[in-house]
Amino acid sequence: QVQLVESGGGLVQAGGSLRLSCAVSGRTFSSYATGWFRQAPGKEREFVAFIRWSDASTYYADSAKGRFTISRDNAKNTVYLQMNSLNPEDTAVYYCATRSNGLLARTPNDYSYWGQGTQVTVSS
């Protein structure tokens, strides 16, 4: 089993920044890649960013490009999502998830383990 715990969410004004963390524990050797997703009320869960643990390759949704940065600290088994220039449309519950495959994946069904989510609210 793999456990994921997100932290770092909160309330921020438009234009502000937040850094989310995703601590991975348990059978971490089975986690080859991590994705960040978000889900706003009444909307489907959507892909935000992806990182491969082996070489730190990254991929972003168009909405995140230029504003968000995903990174990882292998020694701490932690993945981060630095979010800058936030706007109200970024308001959502943010989830991290891992998969036992290093290939790029942008759909929730491609991930095996999920965290409980952390709320991000951006006020205008």
Side-chain angles (χ1 to χ4, degrees):
Q1 282 283 33
V2 178
Q3 293 81 42
L4 296 91
V5 178
E6 302 98 334
S7 61
L11 173 64
V12 63
Q13 289 187 333
S17 299
L18 283 174
R19 189 178 80 156
L20 306 183
S21 299
C22 173
V24 183
S25 62
R27 295 168 57 91
T28 56
F29 58 85
S30 64
S31 299
Y32 287 83
T34 298
W36 281 99
F37 290 78
R38 66 186 183 185
Q39 188 165 19
K43 295 188 177 181
E44 294 186 351
R45 192 167 298 189
E46 66 173 359
F47 169 79
V48 176
F50 166 94
I51 189 166
R52 182 181 298 120
W53 284 67
S54 60
D55 61 4
S57 296
T58 59
Y59 187 87
Y60 298 91
D62 288 342
S63 60
K65 288 179 182 176
R67 300 188 301 130
F68 294 2
T69 302
I70 188 171
S71 62
R72 93 279 186 256
D73 184 331
N74 285 5
K76 295 182 178 180
N77 289 328
T78 300
V79 175
Y80 304 97
L81 184 68
Q82 177 67 43
M83 305 187 295
N84 299 327
S85 301
L86 287 163
N87 58 64
E89 290 69 39
D90 295 315
T91 295
V93 177
Y94 283 70
Y95 300 89
C96 62
T98 66
R99 66 195 305 257
S100 56
N101 185 310
L103 297 177
L104 171 63
R106 288 167 282 183
T107 59
N109 286 344
D110 290 325
Y111 291 80
S112 303
Y113 299 99
W114 290 81
Q116 81 289 348
T118 185
Q119 176 70 47
V120 171
T121 303
V122 184
S123 62
S124 58

With the 4.5 Å side-chain cut-off for hydrophobic clustering, are I51 and Y80 part of the same group? no
Value rounded to 0.5 Å, distance of OH in Y32 from OG1 in T98: 11.5 Å
When you look at V120 and L20, which way does the side chain to side chain contact (heavy atoms under 4.5 Å, CB included) test go after all the steps? CA-CA 9 Å; V120 171; L20 306 183; 4.0 Å; yes
W36 side chain near M83 side chain, heavy-atom distance below 4.5 Å: no
Closest approach of T78 to A23 (non-hydrogen atoms, all atoms of both residues): OG1-CA, 4.1 Å
Under 3.5 Å, is there a donor-acceptor pair between the R38 and Y94 side chains? yes
Identify, with sequence neighbours excluded, every residue that meets side chain to side chain donor-acceptor pair (under 3.5 Å) alongside T69. none
Going by the rule side chain to side chain donor-acceptor pair (under 3.5 Å), which residues pair with R19 if we only count those two or more places apart in sequence or in a different chain? none
For A105 and D110, the nearest pair of non-hydrogen atoms, with its separation, is CB-CB, 3.5 Å
Determine the minimum heavy-atom distance between Y113 and L4, stating which atoms define it. CB-CD1, 3.5 Å
Smallest separation among heavy atoms of N84 and S17, with atom names: OD1-OG, 2.9 Å
Give a yes-or-no answer on whether the side chains of S57 and D55 include a donor-acceptor pair shorter than 3.5 Å. yes
T91 and Q119, any side-chain heavy atoms less than 4.5 Å apart: yes
Should W114 and L104 be counted in the same cluster of Ile, Leu, Val, Met, Phe, Trp and Tyr side chains packed under 4.5 Å apart? yes
Minimum heavy-atom separation for S124 and A14, please, with both atom names. CA-CB, 4.3 Å
Just verifying a value: how many Å separate F50 CZ and T34 OG1, rounded to the nearest 0.5 Å? 8.5 Å
Roughly how far, to the nearest 0.5 Å, is the OG atom of S54 from the CG atom of N74? 9.0 Å
If you round to the nearest 0.5 Å, how far is CZ of R52 from CG of N101? 9.0 Å
Give a yes or no on whether Y60 and Y95 share a hydrophobic cluster (residues Ile, Leu, Val, Met, Phe, Trp, Tyr; joining criterion: side-chain heavy atoms under 4.5 Å apart). no
Would you call the rings of F37 and Y111 parallel, tilted or perpendicular, where under 30° means parallel and over 60° means perpendicular? perpendicular
Sub-4.5 Å side-chain heavy-atom contact between F68 and L18: no
Between CD of E6 and SG of C96, what distance do you get to the nearest 0.5 Å? 4.0 Å
Using every non-hydrogen atom in the two residues, find where D90 and S85 come nearest and quote the distance to one decimal. OD2-O, 4.3 Å
Measure the acute angle between the ring planes of Y59 and F47, then classify it against the limits of 30° and 60° as parallel, tilted or perpendicular. tilted
Gap between atom CD of Q116 and atom CD of Q3 - 0.5 Å precision: 12.0 Å
Answer whether the closest heavy-atom distance between the side chains of N77 and W53 falls below 4.5 Å. yes
